[in-house]
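Structure first, commentary second.
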2 protein chains.
Amino acid sequence: MEQIYINTAKMLKAMSDPKRLRIVDMLSCGELCACEILEEFHITQPTLSHDMRVLVEAGIVMDRREGKNIYYKLDKETLDRMYQTLGKVFEDKPDCICHKCRKN
Amino acid sequence: MEQIYINTAKMLKAMSDPKRLRIVDMLSCGELCACEILEEFHITQPTLSHDMRVLVEAGIVMDRREGKNIYYKLDKETLDRMYQTLGKVFEDKPDCICHKCRKN
DNA sequence: ATGATACATAGAAAAATGTCAATATGTTTT
DNA sequence: AAAACATATTGACATTTTTCTATGTATCAT
């Protein structure tokens with residue numbers, strides 16, 4: 001399987017949970033620390049910590065420590081690339097496998 | 001959790017598997033029957049059948065029977081709406097929760 | 001009708017995921 | 001140094017997902 005599908009699928013998977021998708025939405029306009037995010041959900045702190053790690057490892061979110069807090073923000077460049085890639089996946093393409101099939 | 005996140009997350013989840021994402025890519029330029037898709041993967045027929053059902057149930061793909069074959073194609077309208085929604089999730093928004101947090 | 005072809009369903013096993021309570025780590029405050 | 005605070009890690013358990021083999025169903029060809 002080509003790497004592009006693997007990478008993109010990993011990011012999609014990270015956002016394929018309603019609460020993680022909402023977290024991305026919350027982060028889309030700026031940084032938030034874990035405690036601010038936690039307030040919006042009925043989950044325990046370790047659960048959020050795990051969810052944030054999923055987003056960070058997918059490359060969607062970046063984290064930094066400031067004193068006691070960890071601040072999270074979107075990696076807009078990565079997210080943008082992913083969005084563009086996804087657009088291409090949805091688009092018609094002249095070299096698509098289905099055209100090969102149709103020749104038979 | 002708001003329905004928009006639930007619906008969108010469900011579609012993302014359906015595409016969060018590399019092979020299913022590739023199937024969407026293959027379908028982006030036209031219809032294909034199950035056997036044509038199957039040729040491109042090293043999976044059994046029941047596995048593909050299951051994957052296609054995931055895509056259909058997410059609303060991403062439509063199916064129809066023609067003789068012995070089942071043809072699959074993308075539901076472009078649904079996919080387009082999802083893509084637009086995702087774009088809005090990634091965008092900065094004036095009414096974002098993070099602005100509320102920042103006021104405190 | 002029979003057999004062949006294309007796909008779906010059922011059942012099962014292994015792997016991944018989601019979630020929690022308990023505890024550890026790093027940072028600030030006192 | 002001790003306490004308090006914010007977050008991470010560990011270990012456990014339940015649920016979901018992935019994938020297979022075996023079997024069922026629908027359609028076509030003979």
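Quick note on labels: first sequence line is chain A, next is B, and so on, each numbered from 1. As the structure is a prediction and not an experimental result, all values here were calculated from the model.
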* To do: Would you mind reading off the distance between Ile70(B) atom CD1 and dC28(D) atom P, rounded to a whole angstrom?
  => 11 Å
* To do: Could you check how far CG of Asn69(B) sits from C1' of dT27(D), rounded to whole Å?
  => 10 Å
* Can you give one letter per nucleotide of nucleotides 12-26 of chain D, 5' to 3': B if a protein heavy atom sits under 4.0 Å from the base, S if only from the sugar-phosphate, - if neither? -> -----SSBBBB----
* Which pairs count as salt bridge (Lys or Arg N to Asp or Glu O under 4.0 Å) when at least one residue sits in residues 53-66 of chain B, sequence neighbours excluded? -> Glu31(B)-Arg64(B), Arg53(B)-Glu57(B), Arg64(B)-Glu66(B)
* **Contacts of Tyr72(B) that satisfy ring-ring contact (aromatic ring centres under 6.0 Å, His included) - sequence neighbours left out** => none
* Residues in side-chain contact (heavy atoms from CB on, under 4.5 Å) with Leu38(A), at least two apart? -> Ile43(A), Gln45(A), Leu48(A)
* Structure fact -> Checking Glu40(A), Glu39(A), Met26(A) against Leu32(A) for side chain to side chain contact (heavy atoms under 4.5 Å, CB included), the one that qualifies is Met26(A)
* To do: Enumerate the residue pairs fulfilling side-chain hydrogen bond (donor to acceptor under 3.5 Å, both in side chains) with a member in residues 76-89 of chain B, sequence neighbours excluded, ordered by first and then second residue.
  => Asp75(B)-Thr78(B)
* Can you name the closest pair of heavy atoms from Val24(A) and Leu74(A) and give their distance? -> O-CD1, 3.8 Å
* Between Ala14(A) and Leu55(A), which heavy-atom pair has the shortest distance, and what is it? -> O-CD2, 3.7 Å
* Check side-chain hydrogen bond (donor to acceptor under 3.5 Å, both in side chains) between Asp17(B) and all other residues, then give those that pass, not counting sequence neighbours. => Lys19(B)
* To do: Applying side-chain hydrogen bond (donor to acceptor under 3.5 Å, both in side chains), name anything that partners Thr44(B), two or more places apart in sequence or on another chain.
  => Thr47(B)
* First and last nucleotide of DNA chain C in contact with chain B, 5' to 3', at under 4.0 Å to a heavy atom: what are they? -> dT5(C) to dT9(C)
* Ser16(B) side-chain N/O to Leu12(A) backbone N/O, donor-acceptor pair under 3.5 Å -> no
* Asked: Quick one, which residues of residues 55-63 of chain A touch DNA chain C with a heavy atom under 4.0 Å?
  -> none
